[in-house]
Novice: 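Here it is, the structure, as structure tokens.
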Amino acid sequence: DSKFRDVRLLASGTFPKSKRFVEWKAGYMYDGLNEEWIFRETGLVIAVPEIWGHLFIGRTKLGVSMIKHMSGAAIMGLERAPIEDMTIPIQNDGIRMMGYLPKQRLVWNLGYFNETLLDNPLYPFMDQQYAVRVAYLPLLSERVGKVLHLAANFKYGNPKDGKTQLKARPQASTAPYFRDNGVFPAEHEKLIGPEVWYRDNSWLFGSSYYFVKTEASQGDHQFQGGDLWVSWLLTGEVRRYNTRGALFDFVYPKRSFFK
């Protein structure tokens with residue numbers, strides 16, 4: 001079986017005459033699996049130096065998990081770990097604050113998301129979510145090419161209609177679900193997870209682990225899982241670390257293939 005995974009139309013820009021940095025983003029995607037058009041990351045990024053960061057208002061990433069927060073085209077593998085796909089929605093409607101204190105070496109994401117406003121949530125379906133991600137950077141040097149990122153992830157959500165279904169595919173969007181716990185009652189869902197990333201020039205090592213608990217009057221359930229990543233860029237490129245969000249960026253080639 002073969003299908004288009006997706007087709008994406010992306011646009012972004014700034015308002016040069018604005019005294020405050022404001023960036024707009026728009027994303028529209030054809031979902032080949034479900035055969036429908038949906039909005040992806042769309043909204044405004046507004047600089048708020050008064051609170052040491054930026055605000056994103058609109059549809060965006062939850063801000064939890066390095067791999068889930070990175071663009072799918074920038075991660076080291078084909079897909080993300082099943083535990084991340086099952087518990088962390090890829091797009092969410094709300095507001096997220098991205099902060100950074102250079103002297104203290106602290107980066108954070110704080111978010112509130114409400115999927116009932118537009119009634120167009122993406123799996124896993126949640127009505128409301130609260131997200132926190134705090135990272136400490138004991139080592140951050142672009143000069144010597146080294147980064148040490150130590151972070152903690154927290155998420156509290158209210159599943160849509162008081163029920164949830166944890167399911168994931170094996171690294172291919174057209175494949176059948178190989179992990180599916182079925183639909184079960186869940187009034188609340190809690191996630192906590194540590195993560196560690198270390199970059200030494202072209203080498204990148206990273207790992208995260210998640211503990212998830214669902215709560216309902218009919219009974220509680222617990223799940224856990226994680227991932228481990230090792231990446232080496234053979235041609236010597238170095239992934240940039242972005243303190244606006246605490247994530248690694250795309251790989252930018254040192255030279256063109258055609259030169």
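One is the number of the first residue; the rest follow in order along the sequence. What's counted below: heavy atoms across the whole structure, side chains too, no hydrogens, waters or symmetry copies.
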Novice: Within a strict 4.5 Å, meaning less than it, do heavy atoms of the V251 and L233 side chains meet?
Specialist: yes
Novice: Pairs under 3.5 angstrom only: tabulate donor-acceptor contacts from the side chains of residues 190-199 to other protein residues two or more places apart or in another chain.
Specialist:
unit_1, atom_1, unit_2, atom_2, d
K190, NZ, E215, OE2, 3.0
E195, OE1, M66, N, 3.1
E195, OE1, N153, ND2, 3.2
E195, OE2, R133, NE, 3.1
E195, OE2, R133, NH2, 2.6
E195, OE2, H149, NE2, 2.7
R199, NE, G145, O, 3.2
R199, NH1, R239, O, 2.5
R199, NH2, E142, OE1, 3.2
R199, NH2, G145, O, 3.4

Novice: I want to check something: taking the side chain as every heavy atom from C-beta on, are Y241 and L137 in contact at a cut-off of under 4.5 Å?
Specialist: yes
Novice: Quick one: pull up NZ in K213 and NE2 in H188 and give me the separation to the nearest 0.5 Å.
Specialist: 11.0 Å
Novice: Under a 4.5 Å cut-off applied to non-hydrogen side-chain atoms, are I75 and R80 in contact?
Specialist: yes
Novice: Is there a side chain to side chain contact (heavy atoms under 4.5 Å, CB included) between K160 and T116? Walk through the geometry before answering.
Specialist: CA-CA 9 Å; K160 186 176 178 62; T116 64; over 6 Å; no
Novice: How is the hydrophobic cluster of L33 composed, in terms of its other members, when Ile, Leu, Val, Met, Phe, Trp and Tyr link through side-chain heavy atoms under 4.5 Å apart, directly or indirectly?
Specialist: none
Novice: For the hydrophobic clusters of this structure (ILVMFWY residues joined by side-chain heavy atoms under 4.5 Å, transitively), does one cluster hold both V107 and V147?
Specialist: yes
Novice: Any side-chain hydrogen bond (donor to acceptor under 3.5 Å, both in side chains) pairs touching residues 223-234, not counting sequence neighbours?
Specialist: S208-D227, Y209-Q224, D227-W229
Novice: Is there a donor-acceptor pair closer than 3.5 Å between any side-chain N or O of N109 and the backbone N or O of G245?
Specialist: yes
Novice: Rounded to the nearest 0.5 Å, what separation is found between the CG atom of L139 and the NZ atom of K146?
Specialist: 7.0 Å
Novice: Quick check on the hydrophobic clustering: are L62 and V132 connected, directly or via other members, by side-chain heavy-atom contacts under 4.5 Å?
Specialist: no
Novice: Does the side chain of F248 come within less than 4.5 Å of L204's, by heavy atoms?
Specialist: yes
Novice: Considering only NZ, NE, NH1 and NH2 on the basic side and carboxylate oxygens on the acidic side, decide whether D85 and R169 come within less than 4.0 Å.
Specialist: no
Novice: Would you please name every residue forming a side chain to side chain contact (heavy atoms under 4.5 Å, CB included) with P253, sequence neighbours left out?
Specialist: E237
Novice: Would you say the side-chain atoms of E84 and S65 include a donor-acceptor pair closer than 3.5 Å?
Specialist: yes
Novice: I'd like to know if L148 and V230 are part of one continuous hydrophobic network [Ile/Leu/Val/Met/Phe/Trp/Tyr, side-chain heavy atoms within less than 4.5 Å].
Specialist: yes
Novice: Sequence neighbours left out, what passes salt bridge (charged side-chain N to carboxylate O under 4.0 Å, His left out) with E189? Give chain and number order.
Specialist: K155
Novice: With clusters built from Ile, Leu, Val, Met, Phe, Trp and Tyr whose side-chain heavy atoms come within less than 4.5 Å, directly or transitively, what are the remaining members of the cluster of V144, listed by chain and number?
Specialist: none
Novice: For the NZ atom of K68 and the CD1 atom of I90, what is their distance to the nearest 0.5 Å?
Specialist: 4.5 Å
Novice: Using only atom types and a distance under 3.5 Å, with no angle test, would you say the side chain of Q128 pairs donor to acceptor with the backbone of E115?
Specialist: no
Novice: Membership question, hydrophobic clusters at under 4.5 Å side-chain separation (ILVMFWY): are M98 and I51 in the same one?
Specialist: no
Novice: Hydrogens and angles aside, do N158 and E187 bring a side-chain donor and acceptor to less than 3.5 Å of each other?
Specialist: no
Novice: Does CH2 belonging to W203 count more than 12 external heavy atoms closer than 6.0 Å?
Specialist: yes
Novice: Are side-chain N/O atoms of Q165 and D180 paired as donor and acceptor at under 3.5 Å?
Specialist: yes
Novice: May I have all residue pairs that pass ring pair (Phe, Tyr, Trp, His ring centres under 6.0 Å) and include part of residues 64-114, sequence neighbours excluded?
Specialist: Y112-Y130
Novice: Measure from NZ or CZ of R240 to the centre of the six-membered ring of Y252, then state whether that distance is under 6.0 Å and the direction lies within 45° of the axis.
Specialist: yes
Novice: Sequence neighbours left out, what pairs pass side-chain hydrogen bond (donor to acceptor under 3.5 Å, both in side chains) with at least one residue falling in residues 35-46?
Specialist: E41-T60
Novice: Please check if the side chain of N242 supplies one atom and the backbone of R244 the other of a donor-acceptor pair under 3.5 Å.
Specialist: yes
Novice: Please step through side chain to side chain contact (heavy atoms under 4.5 Å, CB included) for the pair F39 and Q91, ending with a clear verdict.
Specialist: CA-CA 9 Å; F39 279 100; Q91 295 290 311; over 6 Å; no
Novice: Could you verify whether a donor N or O on one side chain and an acceptor N or O on the other, from N92 and R59, lie under 3.5 Å apart?
Specialist: no
Novice: Would you call L140 and T243 a side-chain contact if the rule is heavy atoms closer than 4.5 Å?
Specialist: yes
Novice: Specify the closest pair of heavy atoms between D127 and P159, including all atoms of both residues, with the distance to one decimal.
Specialist: OD2-O, 4.1 Å
Novice: If the condition is ring pair (Phe, Tyr, Trp, His ring centres under 6.0 Å), which residues does H221 pass it with, not counting sequence neighbours?
Specialist: F184
Novice: Hydrophobic clustering (ILVMFWY, side-chain heavy atoms < 4.5 Å, transitive) - are W24 and Y28 grouped together?
Specialist: no
Novice: Kindly write out the residues that satisfy salt bridge (charged side-chain N to carboxylate O under 4.0 Å, His left out) with K167, not counting sequence neighbours, or none if the list is empty.
Specialist: none
Novice: For side chain to side chain contact (heavy atoms under 4.5 Å, CB included), just list the numbers for R179 and L166, CA-CA rounded to whole Å, side-chain angles, deciding distance to a tenth of an Å, and then say yes or no.
Specialist: CA-CA 8 Å; R179 161 65 80 182; L166 303 186; over 6 Å; no
Novice: Please report the interatomic distance CD1(I88) to CE(M126), rounded to the nearest 0.5 Å.
Specialist: 10.0 Å
Novice: Can you tell me how far apart CE (M29) and CG (L9) are? Round to the nearest 0.5 Å.
Specialist: 11.0 Å
Novice: Excluding sequence neighbours, so at least two apart, what forms salt bridge (charged side-chain N to carboxylate O under 4.0 Å, His left out) with R8?
Specialist: D6
Novice: For the atom pair CD1 (I95) and CD1 (I57), what is the distance rounded to the nearest 0.5 Å?
Specialist: 4.5 Å
Novice: Minimum heavy-atom separation for A186 to T164, with atom names?
Specialist: CB-CG2, 3.6 Å
Novice: The criterion is salt bridge (charged side-chain N to carboxylate O under 4.0 Å, His left out); which residues satisfy it with E50, sequence neighbours excluded?
Specialist: R20
Novice: Tell me the closest heavy-atom pair linking P185 and Q218, and the distance in Å.
Specialist: CB-OE1, 3.6 Å
